[in-house]
Amino acid sequence: MSRPEVSVVIPVYNEQDGLEALFSRLYPALDALGRTYEVIFINDGSRDASPAMLREQFQRRPDVTRVILFNGNFGQHKAIMAGFEHTRGDKVVTLDADLQNPPEEIGKLLAEMDKGHDYVGSIRSRRNDALWRHLASRTMNRFRERITRVRMTDQGCMLRAYSRGIIDAINSCQEVNTYLPALGYTFARNPVEVVVDHAEREAGESKYSLYSLIRLNFDLMTGFSVVPLQFVSFAGIVLSMVSAFFVVFLAVRRLVVGPEAEGLFTLFGIAFFLLGILLFSVGLLGEYVGRIYQEVRRRPRYLIDAVLERKE
Ligand code: UDP
Ligand code: MG
């Protein structure tokens, strides 16, 4: 099979209302690039008309379209992983299906790759999402900058380009839960970032609940850093030292002032505070242990129902 120059990977989950608009902008934008390409859609267990629409699009443009149909909803990053495993292109671009990442910007990313960069990240010029997501994402960006070695201005934007070498490296990783832009970054030799446009969702609603966003951020923090664990040890050391001083102080007071029984509620306050830290630490440890558990079970990361591609 001939290798196209560019593979575009698009995860799709219940996007029936926006897919037609995506097709009508994506293909002309790619045709205009003057490069050979393939588009790989991954249907992540949609329960709406999306799989049927992807099948139809495959019939329309079988020369450049391939469709992977999952048998359930495994999540955006696993869908992209499956897409990566099926790519044949020399350069691989990821894109959201909801047209928040304009397909017309793909050329900008590829131009950077032509200059020799093996990883092109992106910064959304003005982000069109809910305000609370802006703020949460800015905080998480800052936190991640501090605790991991991953350097990116805007971790949330999925419009990115990767060289074949990075894709092969990602494909050789077998981890269950990961954050692909960060994983790709760790393999990059010469990364760069470009500013891209960001639109409002074409149709439908965000597929991320607050819960899944929190899960995803834990994937990023625990998957690329053990600093949270070290924080816990340091907090333990500091608290033990403070407590030791406090015990000495109380012993001296006992000798000087005599027995005291005041301050019961202060004691409660301190105890609850420490209990909170303890519970948080156990939970944090659990995040790591849970991930190790998922790894050792070695269950398949996703199940593929069918792959639609033209046989040559
Ligand atoms: N998506 C997916 N599986 C999921 C959730 C999302 O394949 O479980 C896809 C979705 O169809 C879209 C992309 O991932 O193409 C980004 O999702 P969304 O736009 O909902 O995320 P947001 O832009 O709100 O961060
Ligand atoms: Mg979106």
Side-chain angles (χ1 to χ4, degrees), residues 7-23 25-26 39-54 57 65-86 92-103 105-106 121-141 144 152 154-160 176-182 196-220 301-305 307:
S7 297
V8 180
V9 175
I10 307 180
V12 176
Y13 180 51
N14 293 342
E15 301 281 6
Q16 61 177 13
D17 299 326
L19 277 184
E20 232 18 273
L22 173 70
F23 299 150
R25 273 176 61 191
L26 177 69
V39 186
I40 303 178
F41 292 102
I42 307 92
N43 172 51
D44 188 14
S46 305
R47 287 177 302 270
D48 64 357
S50 303
M53 296 175 76
L54 293 176
Q57 181 60 24
T65 309
R66 297 158 75 197
V67 180
I68 301 170
L69 299 161
F70 273 6
N71 87 340
N73 178 233
F74 293 91
Q76 179 185 8
H77 289 256
K78 297 208 179 80
I80 298 175
M81 274 182 218
F84 280 177
E85 285 183 2
H86 286 78
V92 176
V93 175
T94 55
L95 200 71
D96 283 350
D98 56 1
L99 281 176
Q100 288 199 278
N101 311 132
E105 301 274 34
I106 293 176
S122 57
I123 306 167
R124 290 169 283 196
S125 55
R126 40 174 189 89
R127 193 171 161 189
N128 276 302
D129 276 319
L131 181 67
W132 69 269
R133 290 212 36 193
H134 270 260
L135 300 177
S137 142
R138 193 166 324 145
T139 313
M140 291 323 286
N141 254 306
R144 190 250 321 129
M152 44 174 96
D154 185 3
Q155 63 192 27
C157 189
M158 290 307 277
L159 179 58
R160 280 163 200 276
V176 180
N177 291 304
T178 193
Y179 195 84
L180 284 173
V196 295
D197 208 5
H198 189 245
E200 267 187 59
R201 208 170 214 290
E202 174 71 21
E205 288 181 346
S206 172
K207 305 297 178 286
Y208 277 97
S209 61
L210 179 60
Y211 175 76
S212 40
L213 279 174
I214 293 175
R215 303 279 350 132
L216 188 65
N217 274 288
F218 264 117
D219 284 340
L220 177 57
R301 293 189 288 186
Y302 44 78
L303 288 176
I304 293 177
D305 245 359
V307 179

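When a ligand or atom number is given, it counts from 1 through the structure's own listing order. The analysis underlying the following values was restricted to heavy atoms, covering all of them including side chains, and did not include hydrogens, waters or symmetry mates. Quantities reported herein were computed from a predicted structural model and do not represent experimental measurements.
The contact set between ligand 1 and D98, taken as ligand atoms under 4.0 Å from a residue heavy atom, comprises 19 (O), 23 (O). Each of the following atoms of ligand 1 lies closer than 4.0 Å to a heavy atom of R201: 18 (P), 19 (O), 20 (O). For ligand 1, the atoms lying closer than 4.0 Å to a non-hydrogen atom of D96 are 13 (C), 15 (O), 16 (C). Counting atoms of ligand 1 from 1 in the listed order, those under 4.0 Å from a heavy atom of N73 are 3 (N), 4 (C), 8 (O). The distance from ligand 1 to the heavy atoms of G75 drops below 4.0 Å at these ligand atoms: 3 (N), 8 (O).
Heavy atoms of Q100 found under 4.0 angstrom from ligand 1 belong exclusively to the side chain.
Checking only distances, S206 does come within under 3.5 Å of ligand 1, N or O to N or O. Checked against a 3.5 angstrom limit, the closest N/O atoms of A79 and ligand 1 fall outside it.
Counted within 6.0 Å of CZ on R215, heavy atoms from surrounding residues, nucleotides or ligands total more than 12; the atom is thus considered enclosed.
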Give the intermediate values and the outcome of side chain to side chain contact (heavy atoms under 4.5 Å, CB included) for residues M158 and H77.
CA-CA 10 Å; M158 290 307 277; H77 289 256; 3.9 Å; yes
For a salt bridge (Lys or Arg N to Asp or Glu O under 4.0 Å) check, start with the C-alpha distance between D197 and R126, then their side-chain angles and the critical distance, and finish with the verdict.
CA-CA 7 Å; D197 208 5; R126 40 174 189 89; 3.5 Å; yes
Worked check of side chain to side chain contact (heavy atoms under 4.5 Å, CB included) between D129 and R124:
CA-CA 11 Å; D129 276 319; R124 290 169 283 196; 4.1 Å; yes
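In this structure the side chain of P11 never reaches within 4.5 angstrom of the side chain of D44, judged on heavy atoms. A heavy-atom distance below 4.5 Å is found between the side chains of M81 and L180.
The protein atom (non-hydrogen) at minimum distance from atom 9 (C) of ligand 1 is P11 O, 3.8 Å. Remark: minimum distance from atom 3 (N) of ligand 1 to any protein heavy atom is reached at D44 OD2, 2.6 Å. Protein heavy atom nearest atom 21 (O) of ligand 1, with residue, atom name and distance: Y208 CD1, 3.4 Å.
Under the 6.0 Å cut-off for aromatic ring centres, F41 and F23 qualify, their centroids lying closer than that.
Heavy atoms only, all atoms of each residue included: V307 and H86 are closest at CG2-NE2, 3.9 Å. Heavy atoms only, all atoms of each residue included: L159 and V93 are closest at CD1-CG1, 4.2 Å.
Distances from atom 12 (C) of ligand 1 to the heavy atoms of E15, K207, Q76, R133 put E15 nearest.
Using modelled atom types, one finds a donor on one side chain and an acceptor on the other under 3.5 Å when comparing R144 with N141.
Exactly one of L54, I10, D48 qualifies for a side chain to side chain contact (heavy atoms under 4.5 Å, CB included) with L19. That residue is L54. Considering L99, D17, D98 in turn, D98 is the only one that fulfils the side chain to side chain contact (heavy atoms under 4.5 Å, CB included) rule with R201.
With waters neither drawn nor counted, the protein N/O/S atoms under 2.8 Å from the Mg ion (ligand 2) amount to 2.
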